[in-house]
J.: 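Would you mind keeping the following structure in view while I ask a few things?
A, B, ... follow the sequence lines: proteins, then strands. Residue 1 opens every chain. Fair warning: this is a prediction, and the values are worked out from it, not measured in the lab.
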2 protein chains.
Amino acid sequence: MAANAASVNVASVNVTSVDVAAEAGVSQATVARTFSSPHMVSEATRQRVHDAAQQLGYVPNAIARSLKSQRTNIVGAVVPAYGEYWQSVVTEFSRRLTERSRQLLLFSFSEADQVESMLRAVQQYRLDGLVLASAAIEYDQLSSMAATSMPLVAFNQPAAAGVVNSVSVDNELGMSEVADHVADLGCRSAVFVGGLSATSTDRVRFGAASARLQHHGIACRYVEAGAFSYEAGYKTGCHLAGDLVGSASDESERPDAVIVAGDELALGVVDGLKSYGVDVPGDVVLTGFDGLPQAAWDGYDLTTIVQPIPLLVAEAVDILLPSDTKLKNSTKPVERVVPGVLRPGRTTRP
Amino acid sequence: MAANAASVNVASVNVTSVDVAAEAGVSQATVARTFSSPHMVSEATRQRVHDAAQQLGYVPNAIARSLKSQRTNIVGAVVPAYGEYWQSVVTEFSRRLTERSRQLLLFSFSEADQVESMLRAVQQYRLDGLVLASAAIEYDQLSSMAATSMPLVAFNQPAAAGVVNSVSVDNELGMSEVADHVADLGCRSAVFVGGLSATSTDRVRFGAASARLQHHGIACRYVEAGAFSYEAGYKTGCHLAGDLVGSASDESERPDAVIVAGDELALGVVDGLKSYGVDVPGDVVLTGFDGLPQAAWDGYDLTTIVQPIPLLVAEAVDILLPSDTKLKNSTKPVERVVPGVLRPGRTTRP
DNA sequence: TGATTGTATGTATACGTAGTCATTTTCGTC
DNA sequence: GACGAAAATGACTACGTATACATACAATCA
């Protein structure tokens, strides 16, 4: 009847393992063990402790646990704030980490110059691992992070391979397949639309595409959109439209293939071209790279290289949290390269 | 010349404020102050401490800091793993929190039954605040979290309003505008495509739309897609196609408007309809809700209600981290409702 | 029965910092 | 030059937990 007879108190003040110990008539150590290594506690006391904890509304303090155990169960990720691709990567990381009882601490930046201070913040939290997913990270920042004891993995950041652990889609292979595909269609001249030429991803993809195209005797010009966004692609598409159907340029030199460095960018280019009356794939064929869900949507059905994001992420997580007993303490950085898969779509099909 | 004369040592072992204190010839307290409240330290010692820290590769330990100060500088977010909408919300939260020197700890779930255990994990970290962004959270889970001392805010979760602090777009207003818009176009019969009828968002949006439509003398049937995804929308679009152009149904009862509960879903419906030869907006007009970037893309140009996500997020963050001195310790939960804006697109334009 | 092993629990300490209080130094002022 | 206030610093402790070590107790075996 009395109001204070509530069976479950909510923690009005901070309830600690000491309080629970007193309530259960055991030592603090036993309470700690009950929650962190239950198998070391007898069935009977475990029950008593749980009851007492329930009674008092006790929840173990992860901060204190981390301080003592030197493990946070948290993995950090430094990722660009914008872009469909990065959003799906973050989502997949979070999902995967949850599966392995870890959480994701997100450090997202919109400007490259934020990365520096962000990395400093990262180091304050003693994370169990860190994903670096930005092409904007400088080499010396990378190596300075590598010197930390924090497990690191660079995600889709070609320039980082060899310096730190890295996981990446096979850009060379992917772009080669694209080039072959385009050559098979009988194209004679191509334009490569890049996002930011300063990023290693951009350089590597253009390099691979143009090399393979050249092997087929196809020239390939580079155009920089300025970002990997839809908007940047749209603008570029509008600019390109003139070159592609304009009567000014020589028919024989007129590009008949547009190879775009990323899907979001590609979707913008498609729409930009269409807005100027350029028909895809009628006037030009067009390809993307990444395999975003949106690229597969019926409205676009873009020909692209599908990155196996779940696989890439799984690899990255495995590097950070080696599950196997074979904990790799090798001095060499791990380097995993995973192939993507060409998904032909309407943008290259007559 | 000696190898140990390196100007910046990297932390091979854990360097603490005590080590720095010894190196700089000051007390540990002074080192702590140098990093957490520099203004309490003289210019000269500050410099000495910084030099020593640099020398030893010292980085303050945020875990220990949090344990002592009872503040983590981390805000948590419990969010559905999938869906374009949630991805943009998470991105915006992260951006906003970074601006205010906080980090985002992400708890994303793909199944509703994961939420329970996730909330328990949340409580272990003594977060500075928590965003609850899932319609799948049960009422008693909500109130049990509310009993915690952790600041809470429910994001776009109509059912939570009044129980805990909440921020939401104005679903009623938005759907009313949609209904008016559709009525203006002269539509006579509508179909509402919902995602999951179990979610309060779905119920509220359907309720508002059908009420307002009825006011215009327009009937509105409810169809459940089963999810808020593109795929679910696509399937529903395919199913609907028969009703919309089939010769079986009476011409006068044939729906001429499809009102969809969310943009991603709507884009799927559009493509599903198109795949069966239904012309949008020729045969039916169609509207979405959310204002996703993709909905504005030229390929779709969906008529929709644009949620001011930056504003919604800013409100939510302000509730969790009251910047003003007027820290609201009112006992009543805060409830903010922010209007969206109708963006007419090609899907309702002849 | 006594020696031995293993399991369950208690005691005590350390994780690295922030903040309280006391003490020292600095500095402006009459 | 003395005095008081303010600034700067130091000594100490607490935050809440995990774990090494010691201890108690039950179970096994010769």
J.: Does the side chain of B:S42 come under 3.5 Å of the side chain of B:T45 through a donor N or O and an acceptor N or O?
T.: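 B:S42 vs B:T45: donor-acceptor pair found between side chains.
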
J.: Do B:S166 and B:V334 come close enough that some side-chain heavy atom pair is under 4.5 Å?
T.: no

J.: What pairs with B:F93 under ring pair (Phe, Tyr, Trp, His ring centres under 6.0 Å), at least two apart in sequence or on another chain?
T.: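 Counting only residues at least two positions away or on another chain, B:F93 forms a ring pair (Phe, Tyr, Trp, His ring centres under 6.0 Å) with B:F155.
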
J.: The criterion is ring pair (Phe, Tyr, Trp, His ring centres under 6.0 Å); which residues satisfy it with A:F35, sequence neighbours excluded?
T.: A:H50, A:Y58

J.: Quick one: how far along DNA chain C does chain A reach, first to last nucleotide 5' to 3', anything under 4.0 Å to a heavy atom?
T.: C:dA8 to C:dG16

J.: Do any pairs count as a side chain to side chain donor-acceptor pair (under 3.5 Å) and have a residue in residues 29-38 of chain A, sequence neighbours left out, and if so which ones?
T.: A:S27-A:T30

J.: What string of B, S and - do you get for nucleotides 17-25 of chain D 5' to 3' if you count protein non-hydrogen atoms under 4.0 Å?
T.: BBBB-----

J.: With a cut-off of 3.5 Å and sequence neighbours excluded, list every side-chain donor-acceptor pair involving residues 75-82 of chain A.
T.:
{"residue": "A:Y82", "atom": "OH", "partner": "B:R95", "partner atom": "NE", "Å": "2.8"}

J.: Toward the 5' end of DNA chain D, which comes first, B:T45 or B:L67, by nearest nucleotide?
T.: B:T45

J.: So, applying side-chain hydrogen bond (donor to acceptor under 3.5 Å, both in side chains) with A:D318, which one of A:R100, A:R96, A:R336 is it?
T.: A:R100

J.: Answer yes if the side chains of A:D51 and A:Q55 hold a donor-acceptor pair under 3.5 Å, and no otherwise.
T.: no

